[in-house]
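We count residues from 1, following the sequence as given. This one's a predicted model, so the numbers in the text were calculated from it and none came from an experiment. Just so you know, these numbers use all the heavy atoms, side chains as well, and skip hydrogens, waters and symmetry mates.
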Amino acid sequence: MAEAERIIGTPDTPDADRDGQDRDIEDRDLRDRDGREPADGTEAEAERPRGRRRIAVLFAVAAFAYLLDLVSKMIVVAKLEHHEPIEVVGDWLRFEAIRNAGAAFGFGEAFTVIFTVIAAAVIVVIFRLARKLYSLPWAIALGLLLGGALGNLTDRIFRSPGVFEGAVVDFIAPKHFAVFNLADSAIVCGGVLIVLLSFRGLDPDGTVHKD
C-alpha cells in the first residue's frame, strides 16, 4: 500500500487548498484595510511592549503638566494673591491672581459642581482609552488632557469654598482675553492636537482610516 502511494502520488486535497486560499485573501484584505500586517502570535507579543511605552508616555506627559500647574498655582497663591498684578509684557500680558468658580477661561461660574463631574468623567474616559493606545501623538494629546483635568480637579476638590465647589486659581491675563492657568493651556493644546489627529485619520490604536 505504501509502495503504491509512492508510485501514484498522494491525491490533492481541495478543501485544504481552498482553506489556504481563503486565509490568503483574508490577510490581504486586512492589510488593505488597516495598512498593517496581520498580527500572529509573535507580532501580538511585540505589540504589548509598544503599547506599554505609549501608556508610559501618556502618564509622563500628564504628570509633567499636572506638577507644572500645581507648582505655578502654589507660587501664585503665596506670592501674588492679594497683591498688585505683575506686568510681563507691558499691559499686553500680566500675571494676576483670580479665583474662578466656572469652567476654563471663566465661563459658567454657576455650574461648578457640573464642571467637576465633567472633569472626573474625562479622566475616566482617558484611563479607558489608555488600554488600547498604540499612537505616540495620541499619548501626548491624552496626557495633556489628563494633566490639565487633574490640575483643575485638584482645585475643585481642595480649595475653598468647599469640596467639589472649589474655585480654580487663574493667573495668566492677556489683554482683551479671559484669565486662565497652565491646566487650561494643557487642556486646549491636547484638544487641538486630538482634532488634528482626527482630521488626519489617525486613531488611538495607531491605525489610519480614510473616510
Side-chain angles (χ1 to χ4, degrees), residues 16-73 103-105 107 114-157 168 172 180-211:
D17 292 341
R18 189 180 302 109
D19 290 341
Q21 292 173 359
D22 290 342
R23 282 194 297 271
D24 291 340
I25 293 173
E26 290 175 358
D27 290 345
R28 284 196 299 271
D29 290 342
L30 183 59
R31 286 192 295 269
D32 293 339
R33 184 173 61 254
D34 294 339
R36 298 189 300 178
E37 292 292 330
D40 55 16
T42 305
E43 291 173 344
E45 291 294 332
E47 288 291 322
R48 293 192 185 98
R50 188 166 70 94
R52 286 194 291 268
R53 286 194 293 269
R54 299 298 183 263
I55 294 174
V57 169
L58 186 157
F59 288 116
V61 172
F64 177 78
Y66 175 75
L67 291 175
L68 194 62
D69 176 70
L70 182 64
V71 171
S72 67
K73 289 174 178 175
F105 308 112
F107 297 112
I114 295 176
F115 292 131
T116 303
V117 173
I118 292 174
V122 168
I123 293 170
V124 172
V125 170
I126 292 174
F127 273 98
R128 290 178 63 87
L129 283 176
R131 296 182 301 176
K132 57 178 183 179
L133 185 64
Y134 291 95
S135 168
L136 179 59
W138 269 95
I140 296 173
L142 293 177
L144 289 171
L145 280 179
L146 179 60
L150 284 172
N152 283 339
L153 184 61
T154 300
D155 284 358
R156 304 286 189 198
I157 295 175
V168 174
I172 304 173
F180 59 97
N181 56 42
L182 295 181
D184 297 332
S185 300
I187 291 171
V188 170
C189 291
V192 170
L193 183 54
I194 288 175
V195 171
L196 293 176
L197 294 174
S198 299
F199 272 120
R200 294 187 59 186
L202 181 62
D203 292 331
D205 62 358
T207 58
V208 178
H209 68 270
K210 295 181 181 180
D211 294 333

Run the side-chain donor-acceptor check on residues 139-147: report pairs under 3.5 Å with partners two or more places apart or on a different chain.
none

- prompt: Is there a side-chain contact between Ile157 and Leu153, using heavy atoms and a 4.5 Å cut-off?
  reply: yes
task: Let me know which of Thr207, Ile194, Leu197 forms a side-chain contact (heavy atoms from CB on, under 4.5 Å) with Leu202.
output: Leu197
- request: Could you tell me whether the side chain of Asp203 and the main chain of Asp205 form a donor-acceptor pair under 3.5 Å?
  value: no
- prompt: What pairs meet the salt bridge (Lys or Arg N to Asp or Glu O under 4.0 Å) rule with one or both residues in residues 139-154, with sequence neighbours excluded?
  reply: none
- prompt: By side-chain contact (heavy atoms from CB on, under 4.5 Å), which residues pair with Leu196, not counting sequence neighbours?
  reply: Val192
Residues 57-73 side chain polar contacts: donor-acceptor under 3.5 Å, at least two apart:
{"from": "Tyr66", "atom 1": "OH", "to": "Thr154", "atom 2": "OG1", "distance (Å)": "3.0"}
{"from": "Asp69", "atom 1": "OD1", "to": "Ala183", "atom 2": "N", "distance (Å)": "3.0"}
{"from": "Asp69", "atom 1": "OD2", "to": "Lys73", "atom 2": "NZ", "distance (Å)": "2.9"}
{"from": "Ser72", "atom 1": "OG", "to": "Leu68", "atom 2": "O", "distance (Å)": "3.2"}
{"from": "Ser72", "atom 1": "OG", "to": "Asp69", "atom 2": "O", "distance (Å)": "2.7"}
{"from": "Lys73", "atom 1": "NZ", "to": "Gly151", "atom 2": "O", "distance (Å)": "3.4"}
{"from": "Lys73", "atom 1": "NZ", "to": "Asn152", "atom 2": "OD1", "distance (Å)": "3.2"}
{"from": "Lys73", "atom 1": "NZ", "to": "Asp155", "atom 2": "OD2", "distance (Å)": "2.8"}

task: For Trp138 and Arg54, indicate whether the former's side chain and the latter's backbone hold a donor-acceptor pair under 3.5 Å.
output: no
message: Going by the rule side-chain contact (heavy atoms from CB on, under 4.5 Å), which residues pair with Arg128 if we only count those two or more places apart in sequence or in a different chain?
response: Val124, Arg131
